[in-house]
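In what follows, chains are A, B, ... by sequence order, proteins preceding strands, each numbered from 1.
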Amino acid sequence: MKIAGHDIRKLRRSELPEETMALARFMIGKVVVRALPEGVLAGRIVETEAYMADDAACHAHIGMTPRNRALFLARGHAYVYLAYGTAWMLNVSSAAKGEGAGVLIRALEPIAGLDLMALRRGTGNVRDLARGPGRLAQAFAIDRSLDGVDLTRDRRLWLGREAGAPERISQAKIGISTRIGLTKGAHLEHRFYLKGSRFLSGPGALNR
DNA sequence: GTATGGATGTTCT
DNA sequence: GAACATCCATACT
């Protein structure tokens, strides 16, 4: 599929690593695509965080509830929830069906549909369109209505890979740090980011 | 660039 | 009633 000059194809579930940390790392450099009636949006993933089942910060840690049920779907489904009453968070379920783990997408580099993103965000500053999990959800019109969709099958929201993108981004280009904004599990280094990207959400000290 | 404080509403105790 | 996987404006270096 051609999107604003980029050749992007949908990822298959079988391509997704079966382990949460591996998936969080794998997703760096992949693409989030959102099809709206007004047009198609796309962004390259530059920052993720892993939330494993045995981690107190993972919403699935307390067991299945109405809110977190999508985390228990097979890997590759969207888990969308509202944080602090104002910001939607987009996660990808990351474990086997029934297990309960996910990867939070924290920041995107906009590559298609920038005008639509700017309208939704109320700013023309490209750097601020999708830098942060709440911002990217606002730019991409992501809310509870997309909770539970299969990101390897859905037409409205899916994960893709650009033609020509490396199979595996070299280790030297990916940084690892503690996660952002947590009290539980604050010491765990479960955040992955594309080194040198201008579109990272964290404070400078965590982006080296 | 960093630091701080308030707004916000859903979820679970 | 507390706890939040945040954002924005503001002040400051």
Side-chain cluster (under 4.5 Å, hydrophobic types only) that A:Y84 belongs to, other residues
none

Given a cutoff of under 4.5 Å between side-chain heavy atoms of I, L, V, M, F, W and Y, with clusters grown through shared members, what are the other residues clustered with A:I180?
A:L206

With heavy atoms under 4.0 Å as the rule, sort A:R191 into base, sugar-phosphate or nothing.
nothing

For A:R69, which contact category applies under a 4.0 Å heavy-atom criterion: base, sugar-phosphate, or nothing?
nothing

Not counting sequence neighbours, which residues clear salt bridge (Lys or Arg N to Asp or Glu O under 4.0 Å) with A:D128? List them please.
A:R131

Test of understanding: with side-chain contact (heavy atoms from CB on, under 4.5 Å), list the residues that count as partners of A:D154, not counting sequence neighbours.
A:V149, A:R156

A:A139: side-chain contact (heavy atoms from CB on, under 4.5 Å) partners, not counting sequence neighbours
A:M117, A:R121

For A:S177, which residues count as a side-chain hydrogen bond (donor to acceptor under 3.5 Å, both in side chains) partner, sequence neighbours excluded?
A:R191

For A:T48, side-chain hydrogen bond (donor to acceptor under 3.5 Å, both in side chains) partners two or more places apart
none

Distance under 4.0 Å to a non-hydrogen atom of chain A counts as contact; along DNA chain B, which nucleotides mark the start and end?
B:dG1 to B:dC12

So, using ring-ring contact (aromatic ring centres under 6.0 Å, His included) as the criterion, who are the partners of A:Y81 when residues are at least two apart?
A:H59, A:Y79

Pairing annotation in dot-bracket form, given for DNA chain C with Watson-Crick or G-U pairs under 3.5 Å and | for cross-strand partners:
||||.|||||||.

Tell me, please, whether A:F26 has A:K30 positioned over its six-membered ring: NZ or CZ under 6.0 Å from the ring centre and within 45 degrees of its axis?
yes

Would you give a per-nucleotide map of nucleotides 1-13 of chain C, 5' to 3', where B means the base has a protein non-hydrogen atom under 4.0 Å away, S means only the sugar-phosphate does, and - means neither?
---BBBSS-----

Does anything in residues 102-116 of chain A form a side chain to side chain donor-acceptor pair (under 3.5 Å)? List the pairs, not counting sequence neighbours.
A:R44-A:E109, A:E47-A:R106, A:R106-A:S201

